[in-house]
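One structure is given here, and the rest of the page talks about it.
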Amino acid sequence: MTVGYLLDLLIINEVRKEKLAAQLDGDVKNDLNRQNGHLLREIGRYMLEISEGKRPGVFAKHKNYDKEVVEPEAENLIEVIYKLYQRHTELWELEDTRRDKSTDDHVRLAAADKVSVTNKRRNDLVEMIDNITNYSLKQTNMWGNLL
């Protein structure tokens with residue numbers, strides 16, 4: 001588990017709430033909000049543990065697929081988080097197209113093919129978040145414990 005992975009889960013919940021807003025009942029909305037609160041608390045805890053050297057901030061992913069597909073590197077954490085949100089929105093729409101039996105089979109197949117590419121780019125963004133937060137949190141050692 002990493003900060004990037006936890007942010008990925010939080011963004012999935014936010015896209016779900018946005019895309020299904022008209023269909024979600026109050027209990028489901030409340031549950032998603034509780035999940036988000038838990039995720040935010042865990043992100044904070046992970047960040048503190050990384051900055052204190054108690055937890056690794058990055059794990060090797062050992063991915064061996066779609067090597068020609070690469071999300072362009074970025075150093076701005078907010079930009080990367082926003083791109084991750086965009087990838088999840090794109091994945092949601094691709095999955096909707098892929099499942100829609102009324103859509104032409106060629107369009108559905110193209111959407112299914114694009115899911116893999118978009119998912120690889122999403123994973124690249126999660127890794128970027130991990131690298132950015134890990135580097136930034138490790139820099140706190142230069143300033144001492146701020147707590």
Side-chain angles (χ1 to χ4, degrees), residues 1-25 28-142:
M1 224 22 117
T2 63
V3 171
Y5 180 74
L6 292 169
L7 275 168
D8 190 52
L9 294 174
L10 181 89
I11 291 170
I12 290 169
N13 276 354
E14 288 304 311
V15 170
R16 180 177 293 129
K17 285 176 7 183
E18 178 184 316
K19 295 294 186 178
L20 299 175
Q23 302 161 348
L24 294 179
D25 66 30
V28 174
K29 285 180 188 176
N30 287 337
D31 184 56
L32 290 170
N33 289 332
R34 280 193 302 271
Q35 287 178 33
N36 286 354
H38 174 73
L39 290 167
L40 287 169
R41 186 176 60 235
E42 287 299 294
I43 289 166
R45 187 170 63 85
Y46 276 42
M47 292 176 114
L48 284 172
E49 289 176 2
I50 292 166
S51 68
E52 294 169 352
K54 296 178 182 176
R55 167 186 295 280
V58 178
F59 291 100
K61 303 294 191 267
H62 307 293
K63 293 181 294 201
N64 207 16
Y65 64 95
D66 289 332
K67 288 188 175 191
E68 68 283 354
V69 175
V70 178
E71 184 72 34
E73 283 289 324
E75 294 179 11
N76 181 318
L77 180 61
I78 301 305
E79 178 185 333
V80 176
I81 291 170
Y82 181 68
K83 283 183 182 180
L84 183 58
Y85 167 78
Q86 289 175 314
R87 293 296 164 262
H88 275 292
T89 300
E90 186 179 353
L91 281 166
W92 189 281
E93 291 164 1
L94 287 168
E95 289 290 354
D96 278 352
T97 301
R98 185 187 63 77
R99 285 188 294 264
D100 185 355
K101 303 274 190 218
S102 67
T103 302
D104 178 74
D105 285 345
H106 294 292
V107 173
R108 291 176 61 216
L109 184 57
D113 288 343
K114 196 166 180 193
V115 164
S116 175
V117 170
T118 305
N119 205 36
K120 166 60 169 66
R121 293 180 78 192
R122 178 189 65 84
N123 285 322
D124 288 350
L125 291 165
V126 169
E127 286 183 28
M128 274 185 245
I129 290 169
D130 289 340
N131 289 330
I132 292 167
T133 57
N134 184 57
Y135 176 79
S136 296
L137 292 169
K138 296 294 182 185
Q139 297 306 303
T140 61
N141 289 335
M142 294 175 20

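Keep in mind that this is a model prediction, so the values were computed, not measured.
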Note to self: Check this for me: Lys114, atom NZ, are more than 12 non-hydrogen atoms of other residues, nucleotides or ligands nearer than 6.0 Å?
What the structure shows: no
Margin query: Does Tyr135 have more than 12 heavy atoms from other residues, nucleotides or ligands lying within 6.0 Å of its OH?
Written below: no
Evaluate the side-chain proximity of [Y] to [X]: yes if any heavy-atom separation is below 4.5 Å, no if none is.
X	Y	answer
Leu6	Val3	no
Ile50	Lys138	yes
Asn33	Lys17	yes

Calculate, to the nearest 0.5 Å, the distance between atoms [atom1] and [atom2] belonging to [X] and [Y] respectively.
X	Y	atom1	atom2	value
Ile132	Glu75	CD1	CD	7.5 Å
Ile12	Thr89	CD1	OG1	11.0 Å
Asn13	Leu32	CG	CG	5.0 Å
Glu79	Gln86	CD	CD	9.5 Å
Tyr46	Asn134	OH	CG	14.0 Å
Leu125	Tyr85	CG	OH	14.5 Å

Flag, side chain of [X] to backbone of [Y], donor-acceptor distance under 3.5 Å:
X	Y	answer
Ser51	Leu48	yes
Asp130	Gly4	yes
Thr97	Glu93	yes

Next item on the list: Determine, stepwise, if the pair Trp92 / Leu20 fulfils side chain to side chain contact (heavy atoms under 4.5 Å, CB included).
Entry: CA-CA 11 Å; Trp92 189 281; Leu20 299 175; 3.8 Å; yes
Taking only residues two or more places apart in sequence or in another chain, which ones pass salt bridge (charged side-chain N to carboxylate O under 4.0 Å, His left out) with [X]?
X	answer
Lys29	none
Glu95	Arg98, Arg99
Asp25	none
Asp31	Arg34

Checklist line | With sequence neighbours excluded, residues passing side chain to side chain donor-acceptor pair (under 3.5 Å) with Thr103 | finding: Asp100
Note to self: List the residues meeting side chain to side chain donor-acceptor pair (under 3.5 Å) with Glu49, not counting sequence neighbours, and say none if there are none.
What the structure shows: Arg45, Arg55
Item checked: Side-chain ion pair, Asp105 and Arg108, N-O less than 4.0 Å -> yes
Next item on the list: Before accepting this row, confirm whether a basic side-chain N of the pair Glu90/Arg121 lies closer than 4.0 Å to the acidic partner's carboxylate O.
Entry: no
Next item on the list: Please name the pair of heavy atoms, one in Thr2 and one in Phe59, separated by the smallest distance, quoted to 0.1 Å.
Entry: CG2-CD1, 3.2 Å
Next item on the list: For Asn123 and Asp8, run side chain to side chain contact (heavy atoms under 4.5 Å, CB included): C-alpha distance rounded to whole Å, both residues' side-chain angles, the deciding distance at 0.1 Å, then the answer.
Entry: CA-CA 9 Å; Asn123 285 322; Asp8 190 52; 5.8 Å; no
